There are 2 protein chains.
Amino acid sequence: MSVTLKQLAASLGLSPTTVSRALNGFPEVNAATRKRVEDAAARANYHPNTRAKSLATGRAQAIAHVIPVSTSHEIVNPVFADFIAGAGETYARNGYEMILRVVNDDDETQAYRDLLARGSVDGVMVHGPRTFDPRIKLLTELGLPFLVHGRTSGVNTPYSWLDINNQRSFHRATQFLCDFGHRRIALINGLQDMDFAARRRNGYLQALEGAGIAPDPALIRHAEMTEPYGYRAAQEMIQLTEPPTAFLASSMIVAYGIRRGLSDLGLKLGRDISVITHDDELSYLPNDGDVPMFTATRSSVREAGRRAANMLLQLVGQPGTGPLTELMETTLVLGASTGPVRNCA
Amino acid sequence: MSVTLKQLAASLGLSPTTVSRALNGFPEVNAATRKRVEDAAARANYHPNTRAKSLATGRAQAIAHVIPVSTSHEIVNPVFADFIAGAGETYARNGYEMILRVVNDDDETQAYRDLLARGSVDGVMVHGPRTFDPRIKLLTELGLPFLVHGRTSGVNTPYSWLDINNQRSFHRATQFLCDFGHRRIALINGLQDMDFAARRRNGYLQALEGAGIAPDPALIRHAEMTEPYGYRAAQEMIQLTEPPTAFLASSMIVAYGIRRGLSDLGLKLGRDISVITHDDELSYLPNDGDVPMFTATRSSVREAGRRAANMLLQLVGQPGTGPLTELMETTLVLGASTGPVRNCA
DNA sequence: CAAATGATCCAAACCGCTTTGGATAGCGGC
DNA sequence: GCCGCTATCCAAAGCGGTTTGGATCATTTG
């Protein structure tokens, strides 16, 4: 169905060796010959068979993203999709294939072993790290190059990661609210054991402490970041004897839920109550314009995907490279959802 | 790094041939020998090298999803992610790899050619078909098995697809609103040239016609399905001299925008104004419970991904199989967002 | 009992590409 | 005219599997 190197070589009266070298830029081939080969290759729409090539070279030219699905945590969320898209762009540009493997939660370990044993990939991207994530140890032992999107606290061996500064982000957002006079600030966070959630909570707690405010457990929630979760959290907290005057949301989706919960009670964001959310800059949930709807800690997860992929490719391309890390700062954008505390709320 | 067939064979004092046959279930191998081989393979964590295997067999054991990114249309949306997840589950279960290739809009044709020439995949999934989609013709000519998620109207050669009954869905939803006395019904649809959007509009128009209502262009919109799009559409349409009393939304995200637009104007869904949306059953935007927030035409896009993948694998596994098609019906679920028309709106 | 039949196993070719280790020829220098 | 060099090209051996075409030996059959 498609032309092979051997056929191409035969049609040119050359050996496969020479054709291979001509196409791969080796020096020991005559310039005229090279040109002839390249032209013929283009004309025949010749592309080397990936399988054969990687079998011969030992490099798979592919990166895997393993996606565990479970009943407890849904990793296939919008943020994940955008990250993948960013990473995919980078892989494509560098001639790497991106393979996605959807596995059952408890098969994840086996999936990495399998990927390695089958020689299907040169490296893997680790998604959604927990506070204590066993995958780092496993992958290190396996010797499979990997990069973590996020970090994990309970690991002391070095590893490569790219993360946003979750702690500083939420520290700053909290501080911002405190400066406006808020003292009852709710945190509607992601799942408890997710590392990013822990860091955000830390930033939040530190800022409260800095402002001399004792944290109230009733104002802190952890759960899967769905819209109804935000809705319920907002509605329930408002009923407290001492309700919050401001909310911190871990994602736009949650923020939308909070907004709905509050507006159903007749509360207007920015006037009656304040909300700051983290904004991953997802295309279908834009939070921009002259005055964005939400005040937010902003960072493009798509860009994160691009950079993470670049780092991983570097790791794969130059083994021996020490662990690579990058901490992306977020920007605090002012939107219409925050204002000074209003006592008669 | 990982054990090869040859090594395994040597360690057992057998030939590679026998080991290969033992593991692949060929009949001409002694039961005791097979057991011995299987045990040893499990013990050594032996997995055949994918590249070598597919080079030898000619089958790639992989399916590609090509994702065109462009400035005009963002295919990396939440719906897409869930579909991918469903499909991925199926691939994994059947020992197929899923490869995602993110390409620039105008490179999509080349991407398919490349995928084919390199022998990287056995089949491809086509996403987001337009009303007149050139990809069907291209893939048919290339002879690469493919399955379309959705359909395309401007193609008369047969091809395989899986779609939901968009037309009937929106026909029914419109009828439902008409039965409640609504005569000014707005359609906040997806991008104009997307096939699903055309079918939904057809269903909508037919239902209006059936109810003796002349469609009003001012009540029909097409655009990328973002939250602010829903918001703006709702707010602007309400300002019309003859505002709509009901909205039909093409996705939950858009419906959220509409809801926000309306509630900012003090309108309450189900009481002052009605909204029906299409609900793809995304996990982080659930629309369930005793009384779902939105009345909706519901269909799991994840399940669609599973089924589509199954069909594609069948196509790949048994070439010569005629085109496979499946039309999934949606269910109309009653939620809190619809009610009889209210004159004093 | 010889021949035919199965049951098992193996050697070697092959899939399409890379790469090692020459081979050949043209050329300047002595 | 011979030698060493460089430039250019090629044969053949892998990479790690599958598969074709026997080989070997025990068992059945006439």
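We name chains A, B, ... by the order of the sequence lines, and we start the count at 1 in each one. This one's a predicted model, so the numbers in the text were calculated from it and none came from an experiment.
Within the 4.0 angstrom heavy-atom criterion, no nucleotide atom of any strand lies near B:S54. At a threshold of 4.0 angstrom between heavy atoms, the contacts of B:T17 include nucleobase atoms, whether or not backbone atoms are also involved.
Distance from the side chain of A:R21 is smallest for D:dC10 among the nucleotides D:dT18, C:dC9, D:dC10. Closest to the B:L55 side chain, of the nucleotides D:dC9, C:dC15, C:dT18, is C:dC15. Nearest nucleotide to the B:T18 side chain, out of D:dT19, C:dG16, C:dC10: C:dC10.
OP1 or OP2 of D:dT19 has not a single side-chain nitrogen or oxygen of B:S20 nearer than 4.0 Å. Using a 4.0 Å cut-off, some side-chain N or O of B:N24 falls inside it from OP1 or OP2 of D:dT18. OP1 or OP2 of D:dG17 has at least one side-chain nitrogen or oxygen of B:Y46 nearer than 4.0 Å. Within the 4.0 Å cut-off from OP1 or OP2 of D:dT8, at least one side-chain nitrogen or oxygen of A:N30 is found. In this structure, A:K53 reaches the C:dT18 phosphate: one of its side-chain N or O atoms is under 4.0 Å from OP1 or OP2.
Between the P atom of C:dC17 and the CZ atom of A:R59 lies a distance of 16 Å, rounded to the nearest Å. Atoms CG (B:N49) and P (C:dC15) sit 18 Å apart, rounded to a whole Å. Residue A:L5 contributes atom CG, which lies 9 Å from atom C1' of C:dT18 at whole-angstrom precision. Distance NZ (B:K6) to P (D:dG17): 9 Å, rounded to an integer number of Å. In this structure, A:L23 places its CG atom 15 Å from C1' of D:dC9, rounding to the nearest Å. Taking atom CZ on A:R34 and atom C1' on D:dC9, their separation rounds to 13 Å, with Å as the unit. One interatomic measurement links the two molecules: CG of A:L14 to C1' of D:dA7, which rounds to 15 Å at whole-angstrom precision. When the C1' atom of C:dC17 is taken as reference, atom CZ of A:F26 falls 12 Å away, rounded to whole Å.
You'll find the ring centres of A:F80 and A:H65 outside the 6.0 Å limit.
A:S120 and B:T50 are linked by a side-chain donor-acceptor pair at a separation below 3.5 angstrom, with hydrogens and angles left out of the test.
Counting only distance, with no hydrogens or angles, the side chain of A:N94 and the backbone of A:Y96 share no donor-acceptor pair below 3.5 Å.
Summary of the strand contacts: B:H47 and B:E28 both lie near DNA chain D, and taking for each the nucleotide with the nearest heavy atom, the more 5' one is attributed to B:H47.
Atom CZ of B:R59 sits in a sparse spot, with 12 or fewer heavy atoms from other residues, nucleotides or ligands closer than 6.0 Å.
Of the candidates A:L147, A:L324, A:D195, A:V148, A:V148 is the only one forming a side-chain contact (heavy atoms from CB on, under 4.5 Å) with A:W161.
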